[in-house]
Amino acid sequence: MLTIGTALFLVVQGAILFFVIRYRRRPGDEGDGLPVEENLPLEVFWTAILALIVIFLGIYSVDIFQRMGGLNPGDHTMHTMHPPEQAVAVVAKASSKTTSDATAAPTPEIGIGASPDAQGKAPDLVVEVAGMQYAWIFTYPDSGIVSGELHIPVGKDVQLNLSARDVIHSFWVPQFRLKQDAIPGVPTKLRFKATKVGTYPVVCAELCGGHQGAMRTQVIVHTPEDFEV
Ligand SMILES: [Cu+2]
C-alpha cells in the first residue's frame, strides 16, 4: 500500500507541478483558458485503475488473513512477519510457512511459541501473567515471587502464561513487537528472548474499562548476574 500510495502521490504531484509551470499565465496574457469539458474515455480509464487496485488489495488482504490463521487464529503460520529490527528474537512455534505443516502441528496454542531451535525444550524462565482491571500481576512459580513489574534476564528463553481475571486484556510490549490477548478462561502464551538490557513499557492494548489507559507497567531486562540478585 505504501508503494502504491507513493507512486500515486508522485504521479499526481508531478502532474500538478508540471501543469503549474508549463501553463502558467504569461505576462500580458489577459484571456480566458480553454473551456475543457468531460473526457469519457479518460474518466473510465482512471476509475478502472482505482477499482483494480482496490480489488487487488482486497484479495491480497484475504490471502494474508488466511495465512495468519483466518477464522482459526490458533493456527500460526506467519509469525515470521516480524520486522527485522527488534529487541527480541521471535520465530513462530510452527516453524512452517505452509498451511500443511501448521495443520500437522499437535495442539495449536494461542500465542507466540518457541523458536524452532528451542522447540521441545523447556523455557529458561516461566512467568504467570494475570491481567485484571487495571493492573498486570507477574508471578514467578519457581520462587513464589509476585510483582507488579516483569523482570527477566537478557538472552534467556522466557515463557509468559497469560490469563485474565475479569475481562479481556492485551499484553503489549511495543519495543518487543509482542502483543497477546489475555482472555478469561482461555490460556494464552508468549515465548521470547529479550536481546537488549533495558526497561520497556508494557501497555494494555485492549479497551478493558474506564481506566484502561492507566493499565501500564514495565519490563525490566536484566543482565543474568543482576537478575539473580
Ligand atoms: Cu486491560
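Order of appearance sets the numbers: ligands from 1, and atoms from 1 within every ligand.
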How many angstroms lie between OG in S147 and OH in Y140, if you round to the nearest 0.5 Å?
5.5 Å
For the Cu ion (ligand 1), which protein N/O/S atoms are closer than 2.8 Å?
H169 ND1, C204 SG, C208 SG, M215 SD
Using modelled atom types and a 3.5 Å cut-off, is there a donor and acceptor pairing between side-chain atoms of Y134 and backbone atoms of G213?
no
Qualifying side chain to side chain donor-acceptor pair (under 3.5 Å) pairs, either residue in residues 17-40, two or more places apart:
none
Show me the side-chain donor-acceptor pairs of residues 162-173 shorter than 3.5 Å, one per line, residues at least two apart or across chains.
residue, atom, partner, partner atom, Å
D166, OD1, H169, NE2, 2.8
D166, OD2, Q133, N, 2.8
S170, OG, D181, OD1, 3.4

Would a distance-only check, ignoring hydrogens and angles, find a side-chain to backbone donor-acceptor pair under 3.5 Å from D157 to D124?
no
List the residues meeting side-chain hydrogen bond (donor to acceptor under 3.5 Å, both in side chains) with Q159, not counting sequence neighbours, and say none if there are none.
N161
